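What you see is a predicted model; the values in this text were computed from it and never measured. Residue numbers count from 1 along this sequence.
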Amino acid sequence: MLRAVATWWDGVELWLTQLDFTLQVIIVIGVVGPACWALAALVDTLVERTVAWRLAAIERRGGSDG
């Protein structure tokens, strides 16, 4: 299974490196941009929920932390 993934990735890498630089940039921005946006949205959601959970826990204890 891992060998199949490595072989596929080698093919993608070879195809990408043979393209014109402008096309390489467009493809990378089209893939990496949305991936970074999705990761940032996930991190933002996790932080927001963690902070909300922590504040709710503090309020349940009486409003003071420490």
Side-chain angles (χ1 to χ4, degrees):
M1 176 65 179
L2 188 56
R3 183 178 297 265
V5 172
T7 302
W8 173 81
W9 182 252
D10 284 344
V12 170
E13 191 175 36
L14 182 62
W15 170 76
L16 188 61
T17 57
Q18 291 177 350
L19 290 176
D20 182 50
F21 180 73
T22 306
L23 289 175
Q24 289 179 3
V25 170
I26 291 170
I27 290 171
V28 167
I29 289 173
V31 172
V32 174
C36 289
W37 179 83
L39 181 62
L42 177 65
V43 169
D44 180 58
T45 301
L46 290 173
V47 169
E48 184 177 347
R49 289 184 182 182
T50 301
V51 169
W53 175 77
R54 179 78 172 139
L55 289 174
I58 290 170
E59 287 179 6
R60 281 193 304 269
R61 278 191 274 151
S64 70
D65 185 26

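One distance of note links CH2 of W37 with CG of L39; it measures 11.5 Å at 0.5 Å rounding. With values rounded to the nearest 0.5 angstrom, W53 atom CH2 is found 9.5 Å from I58 atom CD1.
Between R61 and R54, the closest heavy-atom pair is NH2-NH1, 3.4 Å.
V28 and F21 fall into different hydrophobic clusters, where Ile, Leu, Val, Met, Phe, Trp and Tyr residues are linked whenever their side-chain heavy atoms come under 4.5 Å apart, directly or through other members. V25 and L23 end up in different hydrophobic clusters when Ile, Leu, Val, Met, Phe, Trp and Tyr side chains are linked at under 4.5 Å.
For the side-chain contact (heavy atoms from CB on, under 4.5 Å) with R49, the lone residue among V51, T45, V47 that qualifies is T45.
Annotation: side-chain contact (heavy atoms from CB on, under 4.5 Å) contacts of W8 (sequence neighbours excluded): V12.
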